[in-house]
Amino acid sequence: IQPLKLSANNLFEVVQAYLQTTQNEGRKLKKDFINFFHYSLKSANESKVWVSILRDTNKAPRVVSTELLKELEEISNILASSILTMKGKR
């Protein structure tokens, strides 16, 4: 096996290509993480709709459903705030 001969220019290109690859992977991971939070926020909002329907049709005790709605609202606020922070808008 012959050793790899790198000039300064070749070494610079190799390092630059490596950094570009890792940056792209980092961006993809961050984007995937943000998408996960978006999905979670949508799920929390959908849960609020279903709990409201149960409350309004008297299928769930009003006290319990009201408490659940408060919890879901807090969860939604936390997720929304986290998304804004991750996107750098806060």
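As a basis for the values below, the full set of heavy atoms in this structure was taken, side chains included, without hydrogen atoms, waters or symmetry mates.
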Check your understanding: Rest of the hydrophobic cluster containing M86 (Ile/Leu/Val/Met/Phe/Trp/Tyr, side-chain heavy atoms under 4.5 Å)?
Key -> F33, I34, F36, F37, L41, I75, L79, I83

Practice item. Return the set of residues passing side-chain hydrogen bond (donor to acceptor under 3.5 Å, both in side chains) with N35 (not counting sequence neighbours), or none when no residue passes. Key: none

Point to revise | Closest contact, heavy atoms only, L72 versus K48 | key: CB-CG, 3.5 Å

Exercise for review: Find the distance between CG (L69) and CD (E67) and round it off to the nearest 0.5 Å.
Suggested key: 9.5 Å

Check your understanding: Closest heavy-atom contact between N45 and S76?
Key -> OD1-OG, 3.2 Å

Check your understanding: Atom OG of S65 and atom NZ of K70: how far apart are they, to the nearest 0.5 Å?
Key -> 11.0 Å

Point to revise | Pairs touching residues 52-61 that satisfy side chain to side chain donor-acceptor pair (under 3.5 Å), sequence neighbours left out | key: none

